[in-house]
Each structure stands twice: as structure tokens, then as C-alpha cells.
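Got a structure for you, questions after.
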Amino acid sequence: MSASDTDDQRILLIDGHAMAFRAFFALPADGFSDGRGQATNAVYGFTRMLINVVASERPTHVAVAFDLPGGTFRDRIYDQYKGGRDETPPAFHGQIDLIMQVLDALGVRWLTYEDYEADDIIATLATRAEAAGDEALIVSSDRDAIQLVGAKVTLLQPIKGVTEMRRMTPAAVEEKYGIPPERYPDLAALVGEAADNLPGVPGVGPKTAAKWLTQYGDLPGLIAHAGEIKGKAGQSLRDHLEDVERNRLMNAAYTTLDLPEDPAHYSLGGGDRARVLEVFDDLAFGDTIRRDLPATLLGEDPQESGGPAPEEAEVLAVDGPDALRELLGEEGGLLALDVVEDVRGGPLMGLATPSARGAIALSSLDSETSTALGAALEEAAEIRVADAPAVRSWLAENGYRLGAQVRDLSLESFVLRPGARSYDAEALASDLGGASFEPKPRKPAASTLQKESAEVRAEHIARAGGRLAATAAALHPAAEELTARTGEAPWARRILDELEQPLQRVLETMHERGIAIDEQALAALREEFEGFVAQAKREAGAIVGEEVNLASPKQLQVVLFETLALPTTRKISSGHSTDAESLTDLQESLDPESSGHQFLSWLLRFREMSKLTGYLVGLDKVVDAGSRVHTTFQQTAAATGRLASTEPNLQNIPVRTAEGQRIRDAFVAGEGFETLLTADYSQIEMRIMAHLSEDAGLIEAFNSGEDLHNFVASRVFGVSPDAVDPAMRSKTKAVSYGLAYGLSAFGLSRQLRISRAEATALRDGYFERFGGVRDYLHHTVETARTTGYTETILGRRRYLPDLTSDNRQRRENAERVALNSPIQGSAADIIKLAMLRVESRMRAAELSSRMLLQVHDELVVEVAAGELDQVREIVEEGMGSAYQLSVPLDVGVGIGRTWREAAH
DNA sequence: TCTCAAACGTA
DNA sequence: CGTACGTTTGAGAA
């Protein structure tokens, strides 16, 4: 390193444990969680602090020092060292590991040193920096760090929380304590340090200590003259000289630890933004902290990374044919775009070639420009977008069409790394395309919009356009990045080419078709259900005699556990649960004549009926003029590869209860069609389990023709199949499905309401007879731990970094996910293959009948007159032979005028 | 106006 | 202390 480089080196040294601990207490533990029960408040606060300090202090090098668990040499000197501290709060556990993960992603070095404390690491590095003439900044709440302050060493002491810091320079130390920094350990030895359980000289505080030290120069000088000191304090000092000497020994920082010498080891810039965002996703961190990630921390130098930041690049306002021509340039062909329905500007489009970007307000386009734009979109050699179906449908509404060469980057990104927080255009632009964005402006109130001046309004529109243009522009590098990544991942290429990309068009078509609703039936049902809701409300209200919102768990808690003084239910974060299971249990413990019992009956009735009413209201909101509802099948929502259905969700329409089923009666074959056909896979997950585990018993179960759960139960309980009673069957069934979810003996006992011992025996008995299943499950987790991912039968991956976490909860959660993902994911693969087959065969046969819905293991088809036999054949065959497992794929088919009737 | 937790529907 | 989702609601933050 050259002399000029070393001139402006600044190393930031952080006491990791101390700061994490402060962050933990500064932020509410239950306010920050990764969504899986792991608190992340300390991780968040620490990361926030790091970002702030790096942004404001601009260090060139950073190191974070952590204490190791177990003792240090200081504990051997004094066995009470740091004694008397409270237990580490449970919610703090695991957060240090997570902080280390964040630091790794940021490329920030963190250090530990066997037998020494974080302070010694900091002392060593600070001393080195000083010797080299470099600056050092220490962030620590530990007072032992004060002794390190010098001309080039500044201490940042947190005052409040972890963001407000006091700068301790030599002058500041002198002013506060009346002695120079290097004398501080002497002072501390006299005064003592309660946090470390180091008692000082009774009756001597910082003032007296400073006075003595000033008088006698330093601690040895003072001790040499201890006999001369008068008064109570003098006697006290003489009585406690041993303590003082011990304290001084304890609080001296070690400055000679053997740590990496090369300054480059600690330099900033090894960060990986994508990795950081991945970790932030995992921690469920919000947008604010992402936005504030300084480029310097990641080693991204905006000045040298190829021109100005994306949002500052020139954005062409496309307001006429010339501007459009300028934007498209000569290259014409490679485009990227992002669109939005802006509250002020209406339909806005960001359009970019690899070298230029523009913003277009579609509503104000003249016809010539609009025609030219339409031609460009249809003829482009490749158009890169996030979420092609959404863009296509948005463009269609505005009178444009996309050509055939559309590349959906969301889909590619999803297959490569499922489970991300978002795959929208901005997420791709920033995670893969190197763009960065201001936080999204919040939606203005209608009144604000009305008062807005034309200038302000235009400025807002221009900003929205600029943002879209920046997003579109960043989709080009994102696309290149995805090309590179899929190039190295043949498994992903195959899933994309053979499954997801062709399926995307099928899903779009299904969305466009929609499913017909009998609006009259819907309205009648709604009226009836609303009547039940009102009745339940009335009756429940009459019992407690006060106004209570039954939809408010908080108000319910008051009524149940205070007004009615019922026994409390299981605890949740906000008090006690009022979910149906808890309330049913509670009700069973009460006298049927009691008011509590009756209140609960009406409450449960209210819950059930308002839930059902909610479906009807929801459907009513989205039904179109032709009495059809058009769900959107989301292809990048479920990490296992399953589809999800939104607006409305038609994958969770009630089916279990008779009243719920009446809602299914409102889904009907539409005009011009004769009937609905549903076809579902029976026990597909268990069949996949049999296939993957190659368990001979389970495979035999499926080949025997016997009812699956009956067969398995007869083996588990060692009785003949006809001796299996319903209780045995249902217990076995619970184990079978529980296993695919990673169910524990505890969970099983709770679900079946049996003892732990009985649950354990049940599971052991199961594994004894179906050893292949046990071996498979074990092997799945172990393989995933080694490779880092699980795989489906088609090779679809799911990455599970938490399998090696030191945090038990995270690890065990990841293990359950690892058990379930290949099974759920393979089932998703199979029905997706089936959908491709069914759709293409129906089109090839030129049938009018058409596939409308997918509900994970079920397809719903609308059948035209005279086509039933053909459709049934295509669906049965298409689903049944979608994939060759080692057990047959059994498909059940039902026919009916309504969705309920078509069940079978 | 937005975000979160609780509750609950499906496979 | 069983996986995967989406929607609605109330409550509290901003």
C-alpha cells in the first residue's frame, strides 16, 4: 500500500457484544422478528448503528470484535469477574450469530480471540492504527475503552439507544473525568466497576480518585504514598489496596494479540448487495434499512461504477415521435419496460434500451407516437419485463400488445431462488440490476391531490416516470445477470423451459376465462348468511349485556376473561387466544347451561357465518359484467413451486362444512357450457412419499387396491385390514400426513389429543413398519444440510441456509421445511405438467371445453355440450400420466352443474 | 393511510 | 412444538 493511501485510513472498531446488547434493550424484542419466532431486534439495531456510523464517519476499514462464550484469562485471575450479571434474555439468543451473518454479507470482518475479550481485540487494533499514524474510531459502551483514546483514537460512546453517540477525544475525557485517557484505568481501579463486579475503594468516587491521581501522577505513585493520605478515604484506600491492584490488572487492555496484520484484511468493500438483501429478506427487515445501505459499506463506488446513478441518468420524456425515435435509437430490438397506473398521471411506462431510457405518459400520446410505440412493442426482438402477464394485461387495457419475444425475469429469478420477498420490477432492478431507489412515496390523500398545483403535480408525474425509466433500464443488467446464472444452472433452465414458461401462458388464459358465478344464488346465500351473523351478534350481545365487537379478539378477551371471568386459554403475544380451537376446548369445560357456554356458542356461530359471508362479499366485488370471476394465478408466490390464487383466492373456497359447500354451489358452468368437471389426484403427497422413499410397504399399499390409511393402519397396529377401526385409521392418517410436514411427537399428541408417550409409540410403530420412510426423511434433511438445498422430482430447488444455523428454532424450522418441500414441490411439479398436457390436448382436439382452475391437486374444467367423454378422457389421461412414479397416479373425476355437485 | 397480528379458509 | 398460501378485520403507528 502506498504512503498516500495510508494517509487517509480510518479504521472503525466496534464492540459487537456490547452494542448488540444495547440494541437489544433499546428496541422491543417482540417488535422485531423474522416471522419464524426468532427475535431480530438486536440484529436490526446493530445493523442500523453500523450503517449510521459508516455513513457519518466514512471509515475505510472496519472490524467488529466479539467475546467468545466461556471465560477469559481474567476469570482465572478473579473468579467473581463479571459475576452477578443477570441471565442473558432468551430472546437475545441467536442474535449474535445473525449479526455475524449480516457482517459476512456486508464484507465486514468480525473477530474473536480465545481467552481474551472484545476489548483486547479493539485495543490491539487501535494501538496498531495509532502506531501507523492512522485514525481509529471505537464504538463501545464499555468504559475500559476510554484508556485507548488518543490524538488519533476517538471513542464513540452510545448515549441513548445505539444511534446517539458521544465523541470522546482526549480533551473530552479530561473534561469529564479530570484526568487524561491513559490514566483512566487507574481511576477505574480506585472507583471500581459495578458492571464487571469489581468493587473499588469504598467512599472513593471519581472526583477523589482524579484528585489523588493528579497529585501523585499515577496509580503506582499513589500507592507508594498511600500512607500519607489523611482521613477516612485514606484509611479506606489502605484497607483495599489489594482490590485496587487486582482491578488495575483486570482493566488493562491487551494490545498485543496476534491478529491479521495486513490492513487490507479489514478494508471495506467486500460486500455483496444481493447477498445482503437476501439476508435482510431472511430477517424480514423492511425497506428503510435497505434503502439506507451506503454504497461505501458495500464497496460500491458510485463515482466509478459506470456513470451516474440510475435515477440521475437522463430520462427522455417521450412526448412525440421524435423523442420516441431518439429513445429507441438505431439498435431497435432489445427493450425493457415497467408500467404503473399512477394516481396523477394515469398509465405511465418506463421504456429502456440497453443505452437509453425514457418515460411515457400513455394518456397524452398523439396517435403517431402511439402507433410507433405499438409497433416497437410488437416487433421487438426481446422485451424484458417483470411479470409478463401483468404487463400484457395492463398494456391490453391501454390498447397495446406485446410481441412474442417477452422475457419474464421474475419467473427466472423465482426458479433460481424461490422464496424471496418480492420479484417485482423494482426488486429485480435493485437486487440484480444494480439500481437503487428512494423509498416509495406514500399514496396522497384525495384532498391533497385536489389542492396540488399544476407544477407540483407535473413534478410528481415526472418523478414517477423517472423511477419507471430507471427500473426499466436496470432490467437490462438484471437480465444479463439472470442469463449468466441460468447458464450455470441446467436444472433451472429445464424447469423454466419445460414447465414454468409454457405454463405462464396457460395461467394467463385461465385468468382470462374466469369461472361463472350464479349471482342470484350468491345474493340469496349472502342474505341468509348475513341474517345468521346478525342473529349471532344479537344473542351474544344479550348475554353479556354490553356492546362488543365480536370480530375484535382484543375486545373478546375482555369479555371472556374479565366480564365472564372464564378460565384463560393458551397464551399468545397479545394475551390469550380466542381462536376456534381454544374456544371449543374452553366451552367443553363449562356447564352447558352457563352464560359463558352460550356466549361461546354464539361467538363461534358468528365467526363461522361472518367468515362465509366474507367469501360472498369478496366474490361480489370481483364478479364481472358477464357474471364471471377471474382469479390470478401467481406463479412466483409459493417457495415450494405451488401456485397461489389471488383476487379472489379461489383455492380456499370452503368445502368442509355443509354451509361452506353451499358457496361452491354458486360456482357454475357458464353460458354455452353444459357442466363442470373436477378431477383430483388422490393422496398425491403420500404417493410421492412412496416414490421418493422407495419404501416397499408403502408402495405395496398403493398397489394393493386397499384403502391407503386402512392398509397402513393394519400394518402399524399389527391387525388384519378388516380389523382396523376408525380411530386407528384416523391416527395413522394423521401420522402419515404429519410426517410430510415434519410433525413432532409433541405436535402429534396435541393434534390427536393423546399422551406424549402414546404419540411417540405411534410414530415409532409407524417407522418400524415403514423403515424406508424414516430413512428417506432422515436422508432428505442430511443431504439438504450438505448441499444447502432440497430438490423435487423435476430438480426444482429450494435453498435452506438455516439448516446449519446454530439457532435451534431456526434450524428445526428449516428441517421441517426440508421434509415438506420435496413432497409438496413434487406434487406441484406433477400437476403443472398435467396442466400443460390437458391444455394442449384440449386445444389440439379443438374442443370448446376449457380448464378454469387449479387447486393444488385438483383441476376444474368447464365442459361444452357433447364434449364430456372426450374431456374426461383427456383430463384423466393427462393427469394420470403426467409423471411416472413408482406407484400409480390415481385420478378421481366428478361431473356436475356446480362446483359442489362436481365433487365426487 | 399503512402495517401488523390474529383468525381461518384451502391443499 | 406440522408445510404451503391469501384475505379480512381491528388496532395502533405514522
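Here is the naming used below: chain letters follow the sequence lines, and residue numbers restart at 1 for every chain. Quick note: numbers below take in every heavy atom, side chains included, and nothing from hydrogens, waters or symmetry partners.
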Which whole number of Å gives the distance between the C1' atom of C:dG2 and that of B:dC4?
->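 Going atom to atom, C1' in each nucleotide, I get 24 Å.
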For A:T578, which contact category applies under a 4.0 Å heavy-atom criterion: base, sugar-phosphate, or nothing?
->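 The residue A:T578 makes sugar-phosphate contact but no base contact.
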CZ of A:F285 versus P of B:dC4: gap in Å, rounded?
->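 Going from CZ in A:F285 over to P in B:dC4 covers 13 Å.
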Does a nitrogen or oxygen in the side chain of A:K554 sit under 4.0 Å from OP1 or OP2 of C:dG12?
->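 A:K554 to C:dG12 OP1/OP2: side-chain N or O found under 4.0 Å.
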Among A:R753, A:R750, A:R570, which residue meets the salt bridge (charged side-chain N to carboxylate O under 4.0 Å, His left out) test with A:D585?
-> A:R753
Name the nucleic acid region contacted by A:G738, choosing base, sugar-phosphate or nothing; use a 4.0 angstrom heavy-atom cut-off, strictly under.
->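 Contact class for A:G738: base.
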Counterpart residues, side-chain contact (heavy atoms from CB on, under 4.5 Å), relative to A:T632 (two or more places apart) |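 By the side-chain contact (heavy atoms from CB on, under 4.5 Å) rule, A:T632 matches A:H511, A:Q634, A:T646.
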Measure from NZ or CZ of A:R797 to the centre of the six-membered ring of A:Y789 and say whether it is under 6.0 Å with the direction within 45° of the ring axis.
->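 Yes, A:R797 sits over the ring of A:Y789.
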Below 4.0 angstrom from OP1 or OP2 of C:dT9, is there any side-chain N or O of A:S552?
->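 For C:dT9, OP1/OP2 do not have a side-chain N/O of A:S552 under 4.0 Å.
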Qualifying salt bridge (charged side-chain N to carboxylate O under 4.0 Å, His left out) pairs with a residue from residues 732-742 of chain A, counting only residues at least two apart or across chains = none
Length of the CG-P vector between A:L616 and B:dC8, whole Å =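 Rounded to the whole Å, the gap is 18 Å.
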Can you name the residues that form a side-chain contact (heavy atoms from CB on, under 4.5 Å) with A:E527, not counting sequence neighbours?
->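 With sequence neighbours excluded, A:E527 shows a side-chain contact (heavy atoms from CB on, under 4.5 Å) to no residue whatsoever.
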For C:dT8, take OP1 and OP2 only and decide whether either is under 4.0 Å from a side-chain N or O of A:S610.
->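 For A:S610, the contact criterion (side-chain N or O under 4.0 Å from OP1 or OP2 of C:dT8) is not met.
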OP1 or OP2 of C:dC5 sitting under 4.0 Å from any side-chain N/O of A:T640?
->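 Result: no.
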Atom CZ of A:F606 to atom C1' of C:dG10: distance rounded to whole Å?
-> 12 Å
Nearest-Å distance, CG (A:L603) to P (B:dA7)?
->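 The answer, rounded to whole Å, is 11 Å.
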Write down the distance between CD (A:Q854) and C1' (C:dC5), rounded to a whole number of angstrom.
->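 So the two atoms are 12 Å apart, to the nearest Å.
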Atom CG of A:L600 and atom C1' of B:dA7: how far apart are they, to the nearest Å?
-> 16 Å
Using the ring of A:F667 (Phe, Tyr or Trp, six-membered ring only), decide whether A:R900 places NZ or CZ under 6.0 Å from its centre and within 45 degrees of its axis.
->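 No cation-pi geometry.
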Could you state the atom-to-atom distance from OH of A:Y737 to P of C:dA4 in whole Å?
-> 18 Å
Rounded to whole angstroms, how far apart are CD on A:E812 and C1' on C:dT3?
->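 Between C1' of C:dT3 and CD of A:E812: 16 Å.
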Name the nucleic acid region contacted by A:Q555, choosing base, sugar-phosphate or nothing; use a 4.0 angstrom heavy-atom cut-off, strictly under.
->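 A:Q555: backbone/sugar contact only, no base atoms under 4.0 Å.
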For nucleotides 9-11 of chain B, list the nitrogen or oxygen atoms of the protein found under 3.5 Å from its nitrogen or oxygen atoms, one pair per line.
unit_1, atom_1, unit_2, atom_2, d
B:dG9, O4', A:Y615, OH, 3.1
B:dG9, N2, A:N652, ND2, 3.3
B:dG9, N3, A:N652, ND2, 2.9
B:dT10, OP1, A:V655, N, 2.7
B:dT10, OP1, A:R656, N, 2.8
B:dT10, OP2, A:R656, NE, 2.7
B:dA11, O3', A:D857, N, 3.3
B:dA11, O3', A:D857, OD1, 3.1
B:dA11, O3', A:D857, OD2, 3.4
B:dA11, N3, A:R642, NH1, 3.0
B:dA11, N3, A:R642, NH2, 3.2

Residue pairs, two or more places apart or on separate chains, that pass ring-ring contact (aromatic ring centres under 6.0 Å, His included) and touch residues 814-836 of chain A =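 The answer is none; no pair qualifies.
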Got a sec, which pairs hit ring-ring contact (aromatic ring centres under 6.0 Å, His included) with one end in residues 736-762 of chain A, sequence neighbours left out?
-> A:H709-A:Y737
At under 4.0 Å, does any side-chain N or O of A:R816 touch on OP1 or OP2 of C:dT3?
-> yes
Closer than 4.0 Å, any side-chain N/O of A:N813 to the OP1 or OP2 of C:dT3?
-> yes
Indicate, with a heavy-atom threshold strictly under 4.0 Å, whether A:S574 touches base, sugar-phosphate, or nothing.
-> sugar-phosphate
Remember a base hit wins even if backbone is also touched, and classify A:R798 as base, sugar-phosphate or nothing at under 4.0 Å, heavy atoms.
-> sugar-phosphate
NA contact type, A:A639, heavy-atom cut-off 4.0 Å: base, sugar-phosphate, or nothing?
-> sugar-phosphate
